[in-house]
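Worksheet: the structure to be examined is printed underneath.
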There are 2 protein chains.
Amino acid sequence: MRSALELGLCALLVSLDGDVPMFAVLDEPGSGRPPRLPSDRLDIDGDETLELAVRRQVTAHLGIDVGYVEQLYTFGDRDRDPRTAHGWPRVVSVAYLGLVRGTPTLTPGARWAPLYSHLPWEDAREGVSVLAMQAHGACAGSGLGAGPRSRVGADGHGLEERAAISFPMAPGKWDEYRVLERYELLYELGLAAESGGAGDYGPPLALDHRRILASGLGRLRGKLRYRPVVFEFLEETFTLFQLQRVVEAIAGVRLHKQNFRRLVERGGLVEATGGVDRSTGGRPAACFRFRPEVRFERQAPGISIPRGG
Amino acid sequence: MRSALELGLCALLVSLDGDVPMFAVLDEPGSGRPPRLPSDRLDIDGDETLELAVRRQVTAHLGIDVGYVEQLYTFGDRDRDPRTAHGWPRVVSVAYLGLVRGTPTLTPGARWAPLYSHLPWEDAREGVSVLAMQAHGACAGSGLGAGPRSRVGADGHGLEERAAISFPMAPGKWDEYRVLERYELLYELGLAAESGGAGDYGPPLALDHRRILASGLGRLRGKLRYRPVVFEFLEETFTLFQLQRVVEAIAGVRLHKQNFRRLVERGGLVEATGGVDRSTGGRPAACFRFRPEVRFERQAPGISIPRGG
DNA sequence: GAAGATGATGCTCACATCGAGCACAAGGGA
DNA sequence: TCCCTTGTGCTCGATGTGAGCATCATCTTC
């Protein structure tokens, strides 16, 4: 019997509800299965490009159009779908990241889920989470350290050493970009629900979709630095503090208000509209809009992240 | 008739011959076709993961083993292989980047080709090349500027504006990371041989393989910053100037010797072996070796690139 | 053996960037 | 009015970066 191959496309759509990052999932009520990312097969004849295929599928599955889209990663492990071992075709999936403004209503069966509920250790806005501390400890205490019994990761590091980088104990050492590394470490340690973990490291998603979620969050955080992606989440005009809240939500880190302000203004990313927003509580805030021209003036028109609250 | 799908894997193997970056190509002598990157189908039953599939293929096609491997991008446009329009299966290719130390002998039919011969404008070690200047000029003079007739890229920019970022005229503004952007700009302008160009912008490769080459070079340059990938190209021990030559070769830019030295030593990336190399001509150079432990000490154990010669 | 060439190495200086904090401005509510 | 809240401007020191001068240790040449 000749095995079959299928090319899947998988969409991670991220949006923002206030300062809560969300992503679109599909439920299968009553099945007891975890939620999954919207995904479907490539239409070999119809879909001109992979990106267009994703856009088509998003419209079909969720009933919305998506603006910014970029390719994330292609997942093709033979055992990524357990059914493949039982005669199902092997599914290679190309994952895409898309950004959506606001949280528009989705087709029934689909909903926006809070992103950090599935990656709870990634939200370090109120300080590096207890979970992250536990993860560090679980590593060191797992007896899987640098000794001869230790399992060794792709880089040839012991788990304990990898934990020291991924889940640093020293305050201020938290690296918000190592999202995928952290998830994979938890997975290998058997702490993630997908790998048999009973600990409270967040509810699982179907198949390897939580890995895709981690990839996407890492990519998005990295992208902040050198592309003006934040504005995909914001309205036409906004206050600098709203902008800051969005960056903080994505980066999962608190920022220093005055420095953030300095950075954004110096970079020429935004220009004042002249209007003010009185709904802030204290002194009215000046309104700004994004300046598309920055892209021709600066090499990295993103928001490099000034640490500290 | 139901159309068929094929999953291809494509390997971009980069190595270094002295200070000349090379990559592995396969020739089809007598066919008149341009050289191509080693690529092959996924073995649906045999290949456990995509990465292992690439390793298997590299061994089969080139007769060598490869150390560092990472996924680059997945190419799936319907028209990427012109044969698809004539009944051939649609081929979606996952491209991988691999790094090889030295230039080991390859299987007959394969050879190492100088990377910059196919992307000549990317080697700015002797100053930003005349080609890059021409490219800038070709854009501005193409009548495809910001006017109503202008074609518009993915970001919504006119070609002229994109040229200003990709091929900057101001000295010191050259951004060595925008490799892919530059190639795509030349492609869209019809200057690349693949898009009908007669200008001397380097010989083409098969299909979209030059795009893959550009992706890979861009990724490699980016990776230098935050991962110690340079050492994949170096012997066990080396002098700091040899290290610098390797970084320069990849980045395509000349560096300031003393600052490079300061950076590498301060970063703790290397440690002195105590030995010296007398073959340099002048004062003997101290020999160094890579310190694998940096990965646990520094967040970004790479070589950020200090400009200027 | 001395002079000069060549490349390695150490150091300084000006300047930009960044983290952190003080102080004040401009509004609202008690 | 006082006080609380948020926005905004500015300063200061620590650190990083681009650029250049000076010296050192070897080889080559005269």
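Order of the sequence lines fixes the chain letters, A, B, ..., with proteins taken first and strands second; residue numbering starts at 1 for each chain. All figures in this text were calculated on a predicted structure; none of them were measured in a lab.
Not counting sequence neighbours, the partners of A:A285 by the side chain to side chain contact (heavy atoms under 4.5 Å, CB included) test are A:T239, A:T280. In this structure, the side chain to side chain contact (heavy atoms under 4.5 Å, CB included) partners of B:Q258, at least two apart in sequence or on a different chain, are B:H256. Listed by chain and residue number, nothing satisfies the salt bridge (charged side-chain N to carboxylate O under 4.0 Å, His left out) test with A:R283 (two or more places apart in sequence, or in another chain). For A:Y116, the side-chain hydrogen bond (donor to acceptor under 3.5 Å, both in side chains) partners are A:R221, not counting sequence neighbours.
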note = Whether each nucleotide of nucleotides 5-11 of chain D has a protein heavy atom under 4.0 Å at its base (B), only at its sugar-phosphate (S) or at neither (-) is summarised, 5' to 3', as BBBBBBB

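Between A:R225 atom CZ and C:dC18 atom P there is a gap of 12 Å when expressed in whole angstrom units. Between A:L255 atom CG and C:dC18 atom P there is a gap of 13 Å when expressed in whole angstrom units. Going from atom NE2 of B:H256 over to atom C1' of D:dC21 covers 10 Å, rounded to whole Å. Whole-Å rounding puts the B:L263 CG to D:dT15 P distance at 16 Å. Atom-to-atom, CZ of A:R254 to P of C:dA20 comes out at 15 Å; the value is rounded to the nearest Å.
Using a 4.0 Å cutoff on non-hydrogen atoms, no part of residues 267-276 of chain B comes near DNA chain C.
A donor and an acceptor atom, one from each side chain of A:E70 and A:Y68, are located under 3.5 Å apart.
Shortest non-hydrogen contact noted between A:E176 and A:A251 is CB-O, 3.5 Å. The two residues B:S166 and B:P168 have their closest heavy-atom pair at O-CD, 3.2 Å.
Contact check, B:R278 against C:dG7: no side-chain N or O comes under 4.0 Å of OP1 or OP2.
Ring geometry, B:F231 versus B:F290: the interplanar angle falls under 30°, so the pair is classed parallel (tilted spans 30 to 60°).
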